[in-house]
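Reckoned from all heavy atoms, side chains included, excluding hydrogens, waters and symmetry mates. Keep in mind it's a predicted model, so treat the numbers as computed, not measured.
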Amino acid sequence: MSNSKKYSVGIVGLGAMGSALALNFADHRIPVAVYNRTSERAGQLVREVGNPDLLGAFFTLEDLCASLKLPRVVILMVPSGAPVDDQIRALSGILKAGDLIVDGGNSFFQDTIRREQELAFRQISFIGCGVSGGPEGARRGPALMPGGDVAAWSLLAPLLMPIAAKNPDGRVCCRWIGPDGAGHYVKMVHNFIEYGVMELIGETVWLLAGAGFSLPECAGILRSWQKGACGGYLLGISADILETADPEGEGALLDRIVDRAEQKGTGEWALAESIRLGVPIDTLAAAVLARIVSCASRDRRSFAARCAVCGGSGALDLNAGMLEKALYPALLSCYAQGFELLRAAAVAYHWPLKLAKIADLWRGGCILQGNLLGEILPALAGETGNLFATVFLADRVRDNACAWRRTVAEA
């Protein structure tokens, strides 16, 4: 299909994230051209927007590129790995010098560095952009972490800044992270911290259940913590899940969900990076390994059937207040470990990472948004030393250490 209209940005890949991002551009009156390997989803988006001047669907990459304003900007929203390379190869035969390709997926940062170098020979710019917030964030305002060809940032910024989230202080959750693979590296560490927070919330609910609380009561406790230091997006959606009834039967939906949590690679990459750079990330490593263990469900069931676990009788001697005090420093440890990995990467890869700016960026639109990020901003602002070495963290660990130790011992 040919079209004389000139769109500001093109999106290749209309899965949940790509579709949401396209609608976000249209909401902000940024004309967007879309392409998908199968045409059904593109047609649905056209009907949903209902304005061909704001969103147009194209059924070949050649037509998509022909519809874009010069210099052309094409955002890839396809799975990481070979699909990204396939689309880059196809586009590099169509695009010209001065055009820009943006990878908005969860790509390995070393792949991003390689792709930027390969495209530089054709004088085509390349940016790897971390996108956090899931489909809902992409639709209403994600946190965006672009890195790569800094000369191309002036071309991309007018497109990304309007669609990004804003944090509680009104600052846009999109900033230039650094050269080559810096954007995807920061997104990788974001996901690494996310794994740790999710595991800690899961273990907290497990302990609450062991103390005799029902799932709805656990949900109420998590909601009561939302205004405190532990409050955030992940705590909120955990409460939502705990309260959700099984739509096809009795009881809670959570009891019907298979207890397997896979990963898409970011945890594995970050764990390898922590070993390579010599950064201790015990809490985050345990969370990644817990996901691996969860996937060995057949072996776990077999072991449980053969091994009678010794334990005391009755409920755990824990209360909600104690668990909140234990969860707080445990969450802090996740962030401290993640930011220490970023600090080491900045040195190893010569990236000008600003840790406080990254934390501020994560305060809106992304999975990690929560009250704790606002608390640690002053400690990060100095950009000196590990968070564990700050008075800030030492005070909070000391104030909560008794509850933390008691909870671990009781568990």
Non-hydrogen atoms of Pro142 and Val131 that approach each other most closely: CB-CG1, 4.0 Å
Pairwise distance CG(Leu380) to OG1(Thr390) - rounded to 0.5 angstrom: 8.5 Å
Donor-acceptor contacts, no H, no angles, side chain residues 229-242, under 3.5 Å, sequence neighbours left out:
from   : atom 1 : to     : atom 2 : distance (Å)
Ser238 : OG     : Leu234 : O      : 2.7
Asp240 : OD1    : Arg223 : NH1    : 3.4
Asp240 : OD1    : Arg223 : NH2    : 2.5

Side-chain donor/acceptor of Gln337 to backbone N/O of Asp282, under 3.5 Å: yes
Euclidean distance, Glu340 CD relative to Leu284 CG, rounded to 0.5 Å: 12.0 Å
Ser297-Arg260 side chain donor-acceptor pair, cut-off 3.5 Å: yes
Min side-chain heavy-atom separation Leu361-Ile177 under 4.5 Å: yes
Tyr185 and Glu273: CA distance, side-chain angles, deciding distance, side chain to side chain contact (heavy atoms under 4.5 Å, CB included) verdict: CA-CA 10 Å; Tyr185 198 102; Glu273 274 292 292; 2.8 Å; yes
Side chains of Leu119 and Ile88 in contact at under 4.5 Å (non-hydrogen atoms): yes
Side chain to side chain, Leu155 and Ser125, heavy atoms closer than 4.5 Å: no
Close side-chain approach of Leu254 to Thr244, heavy-atom, < 4.5 Å: no
Pairwise distance CG(Leu159) to CD1(Ile75) - rounded to 0.5 angstrom: 7.0 Å
Heavy-atom pair with the smallest gap, counting every atom of Val102 and Cys129: CG1-CB, 3.9 Å
Sub-4.5 Å side-chain heavy-atom contact between Val397 and Asn400: no
Donor + acceptor pair across side chains of Gln44, Arg47 (<3.5 Å): no
Pair Arg396 + Asp399: basic N to acidic O under 4.0 Å: no
His190 and Trp362 aromatic ring geometry - parallel, tilted or perpendicular at 30°/60° bounds: perpendicular
Atom of Met145, atom of Val186 and distance for their closest heavy-atom approach: SD-CG1, 3.8 Å
Heavy-atom pair of closest approach, residues Asp395 and Arg398: OD1-NH1, 3.0 Å
Inter-residue atom distance Tyr335.OH - Leu372.CG, 0.5 Å rounding: 6.0 Å
With a cut-off of 3.5 Å and sequence neighbours excluded, list every side-chain donor-acceptor pair involving residues 51-58.
from  : atom 1 : to    : atom 2 : distance (Å)
Asn51 : OD1    : Asp53 : N      : 3.0

Chi angles and distances behind the side chain to side chain contact (heavy atoms under 4.5 Å, CB included) call for Ser8, Ile30: CA-CA 6 Å; Ser8 299; Ile30 298 172; 3.9 Å; yes
Check: Lys354 and Arg175 side chains under 4.5 Å, non-hydrogen atoms: yes
Sequence-distant partners of Arg140, side-chain contact (heavy atoms from CB on, under 4.5 Å), two or more places apart: Asp27, Glu136
Basic-acidic side-chain contact under 4.0 Å: Arg363, Asp360: yes
Contact summary for Leu14 and Arg41, nearest pair of heavy atoms: O-CG, 3.4 Å
Partners passing side-chain contact (heavy atoms from CB on, under 4.5 Å) against Met322 (at least two apart in sequence or in another chain): Leu318, Asn319, Ala403, Arg406, Thr407
Residue list, side-chain contact (heavy atoms from CB on, under 4.5 Å) with Ser107, at least two apart or on another chain: Ser80, Val84, Asp103, Thr112, Arg115, His184
Full working for side chain to side chain contact (heavy atoms under 4.5 Å, CB included) between Leu61 and Gln87: CA-CA 9 Å; Leu61 288 176; Gln87 295 299 331; 3.7 Å; yes
Contacts of type salt bridge (charged side-chain N to carboxylate O under 4.0 Å, His left out), residue Asp255, not counting sequence neighbours: none
For residues 191-208, dump all side-chain donor-acceptor pairs below 3.5 Å to protein atoms at least two apart in sequence or in another chain.
from   : atom 1 : to     : atom 2 : distance (Å)
Asn191 : OD1    : Lys187 : NZ     : 2.9
Asn191 : ND2    : Thr266 : OG1    : 3.4
Thr204 : OG1    : Leu200 : O      : 2.8

Nearest-0.5 Å distance that lies between atom OG in Ser19 and atom CD1 in Ile11: 8.5 Å
Minimum side-chain heavy-atom gap Leu271-Glu268 below 4.5 Å: no
Closest contact, heavy atoms only, Ala26 versus Val49: CB-CG2, 4.1 Å
Distance, nearest 0.5 Å, that separates CG of Leu91 from CD1 of Ile101: 5.0 Å
More than 12 heavy atoms from other groups under 6.0 Å of CZ on Arg300: yes
Gln123 CD: over 12 foreign heavy atoms closer than 6.0 Å: no
Inter- and intrachain pairs under side-chain hydrogen bond (donor to acceptor under 3.5 Å, both in side chains), touching residues 366-379, at least two apart: Tyr328-Glu375
Pro135: side-chain contact (heavy atoms from CB on, under 4.5 Å) partners, not counting sequence neighbours: Ala16, Met17
Check: His28 side chain, Pro162 main-chain N or O, donor-acceptor pair, under 3.5 Å: yes
What pairs of donor and acceptor atoms, side-chain ones from residues 212-222 against any protein atom, are under 3.5 angstrom apart with sequence neighbours left out?
from   : atom 1 : to     : atom 2 : distance (Å)
Ser214 : OG     : Glu217 : N      : 3.3
Ser214 : OG     : Glu217 : OE1    : 3.3
Glu217 : OE1    : Ser214 : N      : 2.8

Geometric class of the Tyr349/Phe109 ring pair [parallel <30°, tilted 30-60°, perpendicular >60°]: perpendicular
Note: Asp111-Arg114 ion pair, threshold 4.0 Å (strictly below): yes
Trp153: ring pair (Phe, Tyr, Trp, His ring centres under 6.0 Å) partners, not counting sequence neighbours: Trp176
Contacts of type ring pair (Phe, Tyr, Trp, His ring centres under 6.0 Å), residue Trp225, not counting sequence neighbours: none
Check: Asp149 and Phe126 side chains under 4.5 Å, non-hydrogen atoms: no
Short side-chain to backbone donor-acceptor contact, Ser67 and Tyr7, under 3.5 Å: no
Side chain to side chain contact (heavy atoms under 4.5 Å, CB included) between Phe339 and Ile358, worked out: CA-CA 9 Å; Phe339 280 109; Ile358 292 169; 4.3 Å; yes
Atom CZ of Arg37: over 12 foreign heavy atoms under 6.0 Å: no
